[in-house]
Amino acid sequence: MIETVRTRFAPSPTGYLHIGGARTALFNYLLAKRLGGKFLLRIEDTDRTRNIAGAEQKLLDDLRWLGLQWDEGPQVGGPAGPYCQSQRLERYAEHARRLLDEGLAYYAFETRAELDAMRTAARQSGERGFRYPRPKSFPAEADAQKARDAGRPAVLRFKMPERDFVIHDQILGDVDVAASELSDFVIVKNDGWPTYHFAVVVDDFHMKITHVLRGQEHLLNSANHMALQEAFGYPTPAYAHLPIIFTMKGGKMSKREKDTVVRDAVKTSGLADDQAMELAGLIDADSYAAWKKSKTQLEAESLQRLASGLGVALPEIDIHDFRKSGYLPEVLVNFIALLGWSPGDDREKMTLSELCELFGVERVGKKSARFDRDKLLSFNTTALEAASTERKLAAFRDYLSVNEAGPLTGLDDALLERLMKLCAGFRTFSDIVTKCAALFAPDESLQYDPKAVKKWLLKGERPGLKVLGELRQALQGLDDWSPQNLDTFIRAFAEQRELGLGKVAQPLRVATTGTTISPQISDTLALLGRERTLARIDRALKQIVAS
RNA sequence: GCCCCCAUCGUCUAGAGGCCUAGGACACCGGCUUUUCAUGCCGGCGACAGGGGUUCGACUCCCCUUGGGGGCGCCA
């Protein structure tokens, strides 16, 4: 009988799904679909200190948003559940018991500080990395209790076989791991919870996982896992270690990139420390100093506050970031698929179902892939252009739903559709917002971009202001406020004064939107309506002349 | 420091010894379209890291060097 292919994605609930995780999830999903198997989702929440409330739900939402629905896992169930490791503790305990009874695991009582000291010493003196010194004889159960009573930690370590391992990797080929590189690693923590290495082996077996696709940073871990599988008599799944995703600068793409961007912005802005701290809403000068020296990361909210205070945009890292920026999920899926994989020809644009047909581990490369935001943007632009109105409308609504309420939030479908038409060529939904938000904001809140005002209204002899005044008068007499008529009117006006259209449109645009960016001017005015257009021009005339 | 992985245009990649004068996409540069922004269209620039082998022949195979990256947790 041919074994059913079963893959899994096993994130830990520490935040939103990020690009690297999404790629891993996607490849596992594709492999399962390609081979007619099942894709499972498992939550690895064995680190109680790192678990973040609500993160699991976010993870699931992001996965679903991408269209990567799991066949078994949280919220859908399945025969191998529960699918949260925190709900499978008895199983790990049984397995630990088994190893302990067979003399394949033993208690260890070092504190973290002691271990740190041992590691430092090992790294300084020896050429080898640190290996935990296995005791001649293993402590008894009673010793563990004694240690705990004395306030010492008690963990369980696995007795690593003294031999080399060969990882048969479907992407990298055979990778040798020397015995000297392996050590008696911890399988049960002091709090009684399993470590990742331990839980993953137990669960992958009981969930009948046949293929494990994960990031290359896990490569050497596989030896640990194989040793454990051997100890339990469990088969080793097929391994495939995916190339790491880099930032354009090189180096693993991680949330840290956000810190880097803001840190650099703080430095170039020359902002004083106390001002920066106030912006970020921080009170602890020491932790701020540590952050500034790249030693720590700021928590998301402070980072966001600091970034917007400095007027810099945080780079998108999490899938949710891209969603908020107005990317299409199908584009993200398409683009992420190309990070380390290619169909083998010049084809680049593919839907999820096409990917399901085409995907294969054989075509996954070994080289790490840089995440090229420009190319993603281009993909999004093209896809948006090609998408049906219904699709775009739904996506636009989704975009608005994940962004804080703005001027466009309450608009009806007809209006949103109209905006998309007027903004043809937009690259993300955010483009539409930047282009149209001013039109739906209250007149009083209008901000004038000083540069735009200077260039189009105040420069030289102020021809712009003069034109605007004349325009105001002429517009006053115009009753048919349709875009067509406005267009005719503006063209005629320009022709009459022998002015280029820009000389007419730009002063109008600045006066009515405060910026040089908006839909075509006739549409801009039509959208605004007669009264508001005139009111805005009056307001501009008054404010700018006064300045 | 030690171990492991990787190496084709700036970036993602095609290339499985002769198909390569190395193809595509993004970026970039130039031009066109244009009332702003953004699209769109046309054209251009642009790579086999270096050195040794193997072979009639190497981008493709082997070795070394160099460069890049990852791992070395009671994180996953």
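Order of the sequence lines fixes the chain letters, A, B, ..., with proteins taken first and strands second; residue numbering starts at 1 for each chain. In this text the structure is predicted, and so the values were computed from the model without any measurement.
The one candidate from A/I245, A/L26, A/L242, A/V364 that meets the side chain to side chain contact (heavy atoms under 4.5 Å, CB included) condition with A/L339 is A/I245. Partner of A/E257 under the salt bridge (Lys or Arg N to Asp or Glu O under 4.0 Å) criterion, out of A/R373, A/K252, A/K249: A/R373 alone.
Rounding to whole angstrom units, CG of residue A/D176 and C1' of B/C3 are separated by 12 Å. The nearest whole Å value for the distance from the CG atom in A/D345 to the P atom in B/A25 is 13 Å. Taking atom CD1 of residue A/I167 and atom P of nucleotide B/C5, one finds them 9 Å apart after rounding to whole Å. If you take OH of A/Y196 and P of B/C75, they are 14 Å apart, rounded to a whole angstrom. As rounded to whole Å, 16 Å separates atom C1' of B/U13 from atom CZ of A/F246. Remark: C1' of B/G70 and CD of A/E181 are 14 Å apart, rounded to the nearest angstrom. Atom-to-atom, CG of A/D169 to C1' of B/C5 comes out at 10 Å; the value is rounded to the nearest Å. Here B/C5 presents its P atom at 16 Å from CZ of A/R214, a figure rounded to the nearest Å.
With a cut-off of 3.5 Å on both pairing distances, the Watson-Crick or G-U wobble partner of B/U66 is B/A7. Remark: B/C32 base-pairs with B/G40; criterion is Watson-Crick or G-U wobble with both hydrogen-bond distances under 3.5 Å. Pair check for B/U54 finds none; no Watson-Crick or G-U wobble contact set falls under 3.5 Å. The partner of B/A22, taking Watson-Crick or G-U wobble pairs whose two distances both stay under 3.5 Å, does not exist in any strand shown. Base pairing analysis places B/C72 opposite B/G1; the two distances defining the Watson-Crick or G-U wobble pair are each below 3.5 Å. Nucleotide B/A47 has no partner under the Watson-Crick or G-U criteria, as no pair reaches both atom distances under 3.5 Å.
Note on A/K58 versus A/D62: no salt bridge recorded, every NZ/NE/NH1/NH2 to OD/OE distance being 4.0 Å or above. By the 4.0 Å N-to-carboxylate-O rule, A/D149 lies too far from A/K146 to be salt-bridged with it.
Listed pair A/R112 / B/C75 meets the phosphate criterion, a side-chain N or O lying under 4.0 Å from OP1 or OP2. For the OP1/OP2 pair of B/C75 and a distance below 4.0 Å, the side-chain nitrogens and oxygens of A/K189 include at least one atom meeting the criterion.
Here A/E348 lies in heavy-atom contact (under 4.0 Å) with a base. Across all strands shown, A/D116 has no heavy atoms under 4.0 Å from either base or sugar-phosphate atoms. When heavy atoms are screened at a 4.0 angstrom cut-off, A/G340 is found touching the sugar-phosphate backbone but no base atom. Residue A/V155 is classed as a base contact, given a heavy-atom separation below 4.0 Å to a base. In this structure, A/T46 reaches the sugar-phosphate backbone alone: every heavy-atom distance under 4.0 Å involves primed, P, OP1 or OP2 atoms, never a base. As judged by a 4.0 angstrom heavy-atom cut-off over every strand, A/H241 is placed among residues making no nucleic acid contact.
Distance noted for atom C1' between B/C62 and B/A22: 23 Å (whole Å). Between B/A49 and B/U33, the two P atoms lie 42 Å apart (nearest whole Å). Taking atom P on both B/G24 and B/G43, the two are 11 Å apart, rounded to the nearest angstrom. Nucleotides B/U11 and B/C5, compared at atom P, are 24 Å apart to the nearest Å. A distance of about 14 Å separates the C1' atoms of B/A7 and B/U60, rounded to the whole Å. For the P atoms, the distance from B/A47 to B/G23 is 11 Å, rounded to whole Å. Rounded to a whole angstrom, the distance from the C1' atom of B/C64 to that of B/U54 is 15 Å. Between B/A25 and B/C61, the two C1' atoms lie 30 Å apart (nearest whole Å).
Evaluation of the ring-ring contact (aromatic ring centres under 6.0 Å, His included) rule for A/H206 yields A/H95, A/Y234 as partners, not counting sequence neighbours. With sequence neighbours excluded, no residue satisfies ring-ring contact (aromatic ring centres under 6.0 Å, His included) with A/Y132.
Residue-to-nucleotide contacts include a donor-acceptor pair under 3.5 Å from the side chain of A/K375 to the base of B/A25.
Using a distance-only test at 3.5 Å, with no hydrogens or angles considered, a donor-acceptor pair links the side chain of A/D169 to the main chain of A/H241. At distances below 3.5 Å, not a single donor-acceptor pair connects side-chain atoms of A/D449 with backbone N or O atoms of A/T515. A donor-acceptor pair under 3.5 Å is formed between the side chain of A/N190 and the backbone N or O of A/A154.
When the nearest nucleotides of RNA chain B are assigned to A/R347 and A/K252 by heavy-atom distance, the more 5′-ward of the two goes with A/R347. Taking for each of A/L339 and A/H197 the nucleotide of RNA chain B with the nearest heavy atom, the 5'-most of the two is the partner of A/L339.
Comparing B/G73, B/C4, B/C12 by their nearest atom to the side chain of A/R119 picks out B/G73. Minimum atom distance to the side chain of A/R123 is reached by B/G1, of the listed B/C75, B/G1, B/G10. The side chain of A/D346 has B/G24 as its nearest neighbour among B/G24, B/C4, B/G73. When the nucleotides B/G15, B/G24, B/C74 are ranked by their closest atom to the side chain of A/R363, B/G15 comes out on top. In this structure, the nucleotide among B/G15, B/U8, B/C5 sitting nearest to the side chain of A/K367 is B/U8.
The aromatic rings of A/F335 and A/F379 lie perpendicular to each other, with more than 60° between the two planes, well past the 30° mark.
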Contact pattern, 5' to 3', of nucleotides 35-50 of chain B - B, S or - by protein heavy atom under 4.0 Å:
BBBBS-----------

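The cationic group of A/R363 does not satisfy the cation-pi geometry with A/F359, failing either the under 6.0 Å distance to the six-membered ring centre or the 45° limit from the ring axis.
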